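See below for the structure under consideration.
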Protein chains: 2
Amino acid sequence: MEKYKIDEVAKECGLTKRTLRYYEEIGLLPPPERSDGGIRLYTREHIERLKRLINARDVLGFSLQELQTYIGISEQLDSYRQGYRQTEDQGEKLKKLLEIEPVVGNQLRLINEKLMKMIEIRDEVEQFHLRVQQAIARESGEGQ
Amino acid sequence: MEKYKIDEVAKECGLTKRTLRYYEEIGLLPPPERSDGGIRLYTREHIERLKRLINARDVLGFSLQELQTYIGISEQLDSYRQGYRQTEDQGEKLKKLLEIEPVVGNQLRLINEKLMKMIEIRDEVEQFHLRVQQAIARESGEGQ
DNA sequence: ATACAACTTAACGTTAACGTCAACGTTAAG
DNA sequence: CTTAACGTTGACGTTAACGTTAAGTTGTAT
């Protein structure tokens, strides 16, 4: 499996090294493996995860705190899928799932709300754009 | 025309008084009329404008700086519509419009990009939600 | 007229999300 | 084997976007 040093990751994701370390520091990124000398060695998985994070940050406008819970949830589902059909306590699993479900449902609702508002804004700006274009056409057709 | 004091406006818009004054301070809100004693008196227009602002802030995730230009543009269109067919310099108008157009076009493009990414995320979360619900159904159906 | 709630400005405080700098260690190249 | 480029951990600095407090003013209800 190929390994990446911090600057490569930073550049591929459009961040700085500082930001990567910061995200790790606050628990947003899982600490990557280190070389014998202590240098961070990231994998593809780290990068993909990071990209999803950035997307959520930029698009949903989540704070890093909010991203923590956002991630916590997808982590829990992963762990559920890992332990799928193992001899873990069935009751515990169900309990966790029942905890997670409303949180995710709520997220989904919020995202949909935001989405609708965003479409409204898009339409407004589109109208706006059209009016400007029409005005240009009229104004420049008139001057002759 | 009805007038509103700062706290009414703040509550209707879900902000604090401090935030309203701050927005005015940085030029995001036009200074409202004042009473003889110096108390801010807002109108419906102020409120509606403010609400659009909050929407753009929350949904598009604009910084207050970015909102300034966002507003600047809609202001310019307003001023265009005001001066529509007046004896203003036609060349100036056209020049302004030609300046505005690519900016708005760019905004529109950015918004559409964000919108698409958002839809992707929505779909992911939706899938996620479904899987959780299915897991619950399976897990709780099994225990009997 | 007097209280009292709500307004005002001014100034300093706070938090998130990094930027920047110093001092030092690691690694790949010649 | 020694540089030069890149990495590491502190630690302090910065900026946006307000919160908070103080000290005083205005509006209104009795």
Side-chain angles (χ1 to χ4, degrees), chain A residues 1-44 46-47 49-72, chain B residues 1-44 46-47 49-72:
Chain A
M1 217 198 303
E2 240 204 295
K3 306 290 167 125
Y4 303 82
K5 290 194 211 168
I6 195 166
D7 203 38
E8 307 178 71
V9 179
K11 272 172 186 161
E12 179 168 344
C13 298
L15 299 178
T16 69
K17 294 177 280 183
R18 171 65 168 120
T19 300
L20 287 186
R21 297 199 195 99
Y22 177 63
Y23 283 8
E24 182 182 334
E25 186 185 333
I26 64 171
L28 211 55
L29 291 180
E33 189 193 346
R34 300 284 189 120
S35 78
D36 287 353
I39 286 180
R40 270 169 262 254
L41 299 173
Y42 296 91
T43 72
R44 263 291 129 200
H46 280 97
I47 297 180
R49 178 193 169 121
L50 179 53
K51 282 186 179 176
R52 289 214 312 275
L53 240 115
I54 295 169
N55 243 304
R57 186 195 64 177
D58 292 346
V59 176
L60 302 181
F62 279 8
S63 73
L64 301 190
Q65 266 217 24
E66 291 169 316
L67 285 181
Q68 309 249 24
T69 78
Y70 176 84
I71 278 190
Chain B
M1 216 198 304
E2 240 205 294
K3 305 292 169 123
Y4 304 81
K5 291 196 213 169
I6 195 165
D7 202 38
E8 307 178 71
V9 179
K11 272 173 186 158
E12 178 167 346
C13 298
L15 300 177
T16 68
K17 293 177 278 182
R18 170 64 167 125
T19 299
L20 287 186
R21 297 200 194 99
Y22 177 64
Y23 283 6
E24 182 183 336
E25 186 185 332
I26 64 173
L28 211 57
L29 291 180
E33 190 193 347
R34 302 282 190 121
S35 78
D36 287 355
I39 287 180
R40 270 169 260 255
L41 299 173
Y42 296 91
T43 71
R44 262 292 130 198
H46 279 98
I47 297 181
R49 178 195 170 120
L50 179 53
K51 282 187 179 175
R52 289 212 313 275
L53 241 117
I54 295 169
N55 242 303
R57 187 195 65 177
D58 292 346
V59 177
L60 303 180
F62 280 6
S63 73
L64 302 190
Q65 267 218 23
E66 290 169 318
L67 285 181
Q68 309 249 23
T69 78
Y70 176 85
I71 277 190

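Sequence lines set the chain letters: A, B, ... in the order given, protein chains first and strands last, and positions in each chain run from 1. What you see is a predicted model; the values in this text were computed from it and never measured.
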A/P32 and A/L41 have their tightest heavy-atom pair at CB-O, 3.5 Å
So which atom in B/I47 and which in B/C13 form the shortest heavy-atom distance, rounded to 0.1 Å?
CG2-SG, 4.1 Å
State which of [options] makes the closest approach to the side chain of [X].
X	options	value
B/T16	D/dG19, D/dG7, D/dG27	D/dG19
B/R18	C/dC12, D/dA17, D/dT9	C/dC12
A/I39	C/dG19, D/dT8, D/dG19	D/dT8
A/Y22	D/dT20, D/dT8, C/dA16	C/dA16
A/I6	D/dG7, C/dA16, C/dC18	D/dG7
B/S63	C/dA17, D/dC18, D/dA17	D/dA17
B/R57	D/dT8, D/dC18, C/dT9	D/dC18
A/K17	C/dG19, D/dA17, D/dG7	D/dG7
B/Q65	D/dA16, C/dT8, D/dC18	D/dA16
A/K5	D/dG7, D/dC18, C/dA16	D/dG7

Would you mind reading off the distance between [X] atom [atom1] and [N] atom [atom2], rounded to a whole angstrom?
X	N	atom1	atom2	answer
A/Y42	D/dC6	OH	P	17 Å
B/E24	D/dC18	CD	P	15 Å
A/E8	D/dC6	CD	P	11 Å
A/Y23	C/dA16	OH	P	14 Å
B/E66	D/dA16	CD	P	12 Å
B/L20	D/dG19	CG	C1'	14 Å
B/L29	D/dC18	CG	P	11 Å
A/Q68	C/dA17	CD	P	9 Å

Determine: side-chain N/O of [X] to OP1/OP2 of [N], distance under 4.0 Å, yes or no.
X	N	value
A/R34	C/dG25	no
B/S35	C/dC7	no
B/R40	C/dT8	yes

Given A/Y4, which partner from the list A/H46, A/R44, A/R40 fulfils the side chain to side chain donor-acceptor pair (under 3.5 Å) test?
A/R44
Could you summarise the pairing of DNA chain C as dot-bracket text, marking Watson-Crick and G-U pairs under 3.5 Å with ( ) or [ ] inside the strand and | across strands?
||||||||||||||||||||||||||||||
Tell me whether A/E12 contacts the main-chain N or O of A/V9 through its side chain, where contact means a donor paired with an acceptor under 3.5 Å.
no
Does B/S63 offer a backbone N or O that forms a donor-acceptor pair with the side chain of B/E66 under 3.5 Å?
yes
From [atom1] ([X]) to [atom2] ([Y]), nearest 0.5 Å:
X	Y	atom1	atom2	value
A/T19	A/L28	OG1	CG	11.0 Å
A/F62	A/T69	CZ	OG1	7.0 Å
B/Y42	B/L29	OH	CG	6.5 Å

The residue, B/L64 or A/G38, whose nearest nucleotide of DNA chain D is more 5′ is A/G38
